[in-house]
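Source: prediction; values computed, not measured. In what follows, every heavy atom counts, from backbone to side chain, and hydrogens, waters and symmetry copies are set aside. Indexing begins at 1, ligand by ligand and atom by atom, following the structure's order. For reference, positions follow the sequence shown, starting with 1.
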Amino acid sequence: MQSKTLEMGKKSIGVGAEETFQILDTNGKIIGQDPKISTDLLLQAYRNMVLTRTLDEKLISLQRQGRMGTYVSCSGQEASQIGAVMALSKEDWIFPMYRDMGMIIQAGVSLKQLVNRMLGNAEDEALGRDLPNLYAWKANKIVSFAAPIASHVPVAAGFAMAAKSRKENLVTIATFGDGATSSGEFHVAMNFAGVYKAPTIFICENNQYAISVPVSEQTASDSIAIKASAYGFEGLKVDGNDLFAVYATVKRAVEKARRGEGPTLIECLTYRLGSHSTADDWKKYRSGDEVESWKRRDPIPRLKDYLINDRKAWSEDEDSKLRLGVEAEISQAIASAGKIPPPELKTLVTDAYSSVPRNLEEQSKELFESMES
Ligand SMILES: Cc1ncc(C[n+]2csc(CCOP(=O)(O)OP(=O)(O)O)c2C)c(N)n1
């Protein structure tokens with residue numbers, strides 16, 4: 001069983017056939033080996049988890065008001081996303097999926113940049129061309145996601161392999177959902193990385209559903225993690241709502257990859273608390289009891305309980321202040337972004353080529369003239 005190779009506490013939370021690695025239980029108590037995360041780093045992660053959750057809720061309401069396009073929510077998956085990025089170093093690259101706003105925040109993209117992207121205004125670095133959730137920021141080493149599910153996973157493995165051949169000591173992480181593991185690209189990437197020992201960490205955020213399809217209908221395997229053994233490397237299953245377990249497991253995989261010992265597949269067991277996106281309704285395919293049972297494993301109160309009761313580094317009072325501060329910061333960012341006009345129409349063609357080809361110049365001239373008339 002793969003999880004036995006982790007020399008830290010293990011405890012099953014009763015999902016799948018294999019044991020699930022856990023350090024922080026649902027009451028915020030340490031039950032495995034403490035990965036000794038500094039209080040500063042932990043508080044920063046907690047703040048980012050609260051920011052991610054609050055912004056997520058706010059963006060859903062902005063979409064409902066018609067102020068932004070379809071949005072994909074990440075509530076419930078913050079520990080998987082933030083814990084993974086905490087384990088990376090500055091030289092490492094992130095190949096996220098559309099649901100990974102927590103990763104983007106932990107990787108250092110500012111609230112201002114993020115909200116400009118969501119609204120697709122003139123200060124959005126993608127100039128409104130990308131869907132809101134197709135995150136890409138080169139300065140933060142975040143590579144853009146393409147809509148066909150899992151198409152970014154072989155790219156992450158290839159990028160890692162290219163870096164390895166140039167003797168650069170970086171690793172890549174690719175994140176994807178349980179549904180993505182049914183795609184050919186996932187298997188191509190796993191095979192390639194296994195054969196060439198690419199320094200890649202494959203992170204499956206198993207949130208139990210691919211839109212309305214439950215993971216039980218996605219695979220006949222006992223788990224997602226177990227699939228790694230077919231490709232000759234280690235697969236580990238962790239409680240994805242436990243920031244400590246995710247961090248410790250990804251860190252170990254990163255160190256292993258950096259030593260030249262190849263890839264790891266990490267399955268983070270988590271749950272999307274909301275709908276797949278603003279275009280569906282979870283009540284059509286999930287029971288309220290199921291959602292409530294996962295709310296009891298919510299990663300945010302769990303970490304808060306730990307910080308207050310065990311680490312003695314936080315208080316209810318500080319928590320209320322943090323939440324009020326985050327709300328204000330988000331409202332301010334949205335108000336400022338809302339005042340920025342949409343990108344100028346000419347940017348449709350001006351920065352796609354080093355010099356605008358004649359046919360595009362002609363077509364855009366015609367378009368602008370027709371709009372003026
Ligand atoms: C190749 C391909 N098939 C289908 C889709 C439509 N689609 C968009 S999201 C999605 C669900 C993916 O589920 P999963 O990989 O579990 O990630 P999650 O959304 O649950 O985080 C599907 C089927 C797509 N984008 N690309």
I want to confirm something. Looking only at heavy atoms, which of [options] is nearest to [atom]?
{"atom": "atom 22 (C) of ligand 1", "options": "N207, T181, D178, I211", "result": "I211"}
{"atom": "atom 15 (O) of ligand 1", "options": "A180, P148, A147", "result": "A180"}
{"atom": "atom 7 (N) of ligand 1", "options": "I149, V215, N206", "result": "I149"}

What atoms in ligand 1 come closer than 4.0 Å to a heavy atom of [X]?
{"X": "R99", "answer": "18 (P), 19 (O), 20 (O), 21 (O)"}
{"X": "Y98", "answer": "9 (S), 10 (C), 11 (C), 12 (C), 13 (O), 17 (O), 18 (P), 19 (O)"}
{"X": "Y209", "answer": "16 (O), 20 (O)"}

Open item on the list: Test of understanding: given a 4.0 Å heavy-atom threshold, classify the contact between Q218 and ligand 1 as side chain, backbone, both, or neither.
Closed with: neither
Do [X] and [Y] have side-chain N/O donor and acceptor atoms under 3.5 Å apart?
{"X": "R252", "Y": "T264", "result": "no"}
{"X": "S336", "Y": "Q332", "result": "yes"}
{"X": "E318", "Y": "S315", "result": "yes"}

- [ ] Please say whether the positively charged group of R286, taken as NZ for Lys or CZ for Arg, lies over the ring of W294, i.e. under 6.0 angstrom from the six-membered ring centre and within 45 degrees of the axis.
- [x] no
TODO: Using distance alone, determine whether G179 and ligand 1 share an N or O pair under 3.5 Å.
DONE: yes
TODO: Examine F176 against ligand 1 and note whether any of their N/O atoms are separated by less than 3.5 Å.
DONE: no
Open item on the list: For R272, state whether at least one heavy atom is located under 4.0 Å from any atom of ligand 1.
Closed with: no
Open item on the list: Against Y135, only a single residue in I94, N140, L114 fulfils side-chain contact (heavy atoms from CB on, under 4.5 Å); can you say which?
Closed with: L114
Task: Test applied, side-chain hydrogen bond (donor to acceptor under 3.5 Å, both in side chains); reference residue, Y71; option that passes from D56, N133, T278 - done: D56
Open item on the list: What I'd like to find out is whether the side chain of Q63 reaches to under 4.5 Å of the side chain of I60, using heavy atoms alone.
Closed with: no
